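See structure below.
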Amino acid sequence: MMNSSLLTPSSSSSHIQTPATTTFDHEDFLDQIFSSAPWPSVVDDAHPPLPSDSFHGHDVDSRNQQIMMMPLNDGSSVHALYNGFSASGSLPNFHIPHGSGGGLMNQERQTQTPSQPQASASTATGGTVAAPLQSRTKVRARRGQATDPHSIAERLRRERIAERMKALQELVPNGNKTDKASMLDEIIDYVKFLQLQVKVLSMSRLGGAASVSSQISEAGGSHGNATSAMAGSSQTAGNSNDSITMTEHQVAKLMEEDMGSAMQYLQGKGLCLMPISLATAISTATCHTTRNPLIPGAADVGGPSSPNLSNMTIQSTNTTMGNGNGKLKGNGNGMIEGSSSIAVKEAVSVSKP
Amino acid sequence: MASADKTINTDVPEKDVFAIHFLQSLSNLRIQNLFNSPDTTNYRVRKIKKAAYVSMARAAGGTSRLWSRALLRRAAKGNNKIVRFPRRKRKVTWKISSKRRRSDQRAPVVEDAAERLRNLVPGGGGMETSKLMEETAHYIKCLSMQVKVMQCLVDGLSPK
């Protein structure tokens, strides 16, 4: 045991003489302690160069800041040590933990707040002892955070990025995502969408039908319904009549059960319903081709009425609804507003919730 | 680190500034008299698109924004024109190559999204992530402004 080896004067010559005497040599005393104990620290800077048996890898400075706690049960021996220490340094309230088994508090090593109970008391003493000792002390870390400059810089950087992402979040529509990854995806898609919009708008009044559809079909982009609207126009431009009739039948079937679902189906395809009279008006007013205006969509692509919006006039509506006019049922954003403006605008409004 | 801006400045000019620049570029195009032959539809479309971007870059602040500088430089290179940029103070001079190597470890989610953004936003290749996001915000605002202008034009010019 530590106590016995310390106190028995007869084991070796380097032992301290007696606990009672206050005139023992400090060097020998500390030598004794260090050679026998596995504690890698010393507190006194009055004895700077110390044998480094048990603490390899520690420099002198770090040693100076460490506090050694003595797990001594014997009060008298503690007093002896206390006298020894107090001769060189001041330890006003040296708290001795009983039977604590050598809890060592190391200022240097720990970046987290110590969780040991005796550590708090010893930090108080450590503060008083270490105050004259400091030649190089680090900033005491807050709980759970590191102190080295790299991580501080890293933290700053992340804060800046988060701040900017918040600013971006307000710009992008549908920016209520809390997840950072999905928010970034939204941002990227929105930029792509805006660039595509510029491209489409620069074609609108100038490009012919063929170029519009070809350009649009090669464009990527997946932003909301806008691109599906554009894809719809390219599809109808290239579609055969069979698929169109199939769509028509599908829509007619849906309309028998629920008008809303039919409109949603159309909207998903990027199409919408319009009264036949309007469709004929638009196509005859602007279309150069002689195609049958009842054939959906492609005829109107080249004109000022949007390249992006395909009109699908369903002939079967007349019969199913028993109405000679092909009357529309109003349903929010899906319908043509009767203007010839480009459906990019409508596509934008479609994509909004 | 770089200067700490408390509030990031992403103001863009009003719509009329964009409109004026775009109309000027369109009239310049018209002077070149391209619009006769329908065979060159693609060519016309591309010219108009390029004119739109260049006018947007000019309206948005000319050479005082990174993305607009890059855009103008790219456009000028295509025309084999020599563009002179005013010397601007080099405030931040990170070398992106050294930053990139370490940045892969930093929040890889953010970083590979930043890669994709760099491909989209002009001039993004030389920017750090935080600067990139600032530029993206300004770029988005300018793009939406440009889209509104073009939309209004098309609406106004299309026959009823």
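The chains referred to below are lettered A, B, ... by the order of the sequence lines, with proteins before strands, and numbering in each begins at 1. Computed from a prediction, not measured in an experiment: that's the story for all the values here.
- The 12-atom threshold is exceeded at NZ of B:Lys50, counting heavy atoms of other residues, nucleotides or ligands nearer than 6.0 Å.
- Among all heavy-atom pairs drawn from B:Val147 and A:Leu201, the shortest one is O-CD1, 3.6 Å.
- Proximity to chain B (any heavy atom under 4.5 Å) is shown, for A:Glu170, by neither the backbone nor the side chain.
- For chain A, the nearby parts of B:Ala113 are the backbone and the side chain; heavy atoms of each come within less than 4.5 Å.
- The distance from the NZ atom of B:Lys49 to the CE atom of A:Met203 is 7.0 Å, given to the nearest 0.5 Å.
- Residue A:Ala181 touches chain B through both its backbone and its side chain, counting heavy-atom pairs closer than 4.5 Å.
- Atom CG of A:Leu168 and atom CD of B:Glu134 lie 10.0 Å apart (nearest 0.5 Å).
- Rounding to the nearest 0.5 Å places CZ of A:Phe193 at 11.0 Å from CG of B:Leu143.
- If you measure heavy-atom distances from A:Leu171 to chain B, the contacts under 4.5 Å come from the side chain alone.
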Next on the checklist: Using side chain to side chain contact (heavy atoms under 4.5 Å, CB included), reason through B:Met133 and A:Leu184 one step at a time and then give a plain yes or no.
Outcome noted: CA-CA 10 Å; B:Met133 306 194 70; A:Leu184 285 166; 4.2 Å; yes
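- Closest of all the heavy-atom pairs between B:Val45 and A:Ser202 is O-OG, 4.1 Å.
- At a threshold of 4.0 Å, the pair A:Arg164-B:Glu128 does not count as salt-bridged, since none of the basic side-chain nitrogens sits closer than that to a carboxylate oxygen.
- Inter-residue side-chain proximity for A:Lys199 and B:Tyr53 is flagged as unmet; no heavy-atom pair is nearer than 4.5 Å.
- Contact check for A:Arg158 versus B:Thr129: no side-chain heavy atoms found under the 4.5 Å cut-off.
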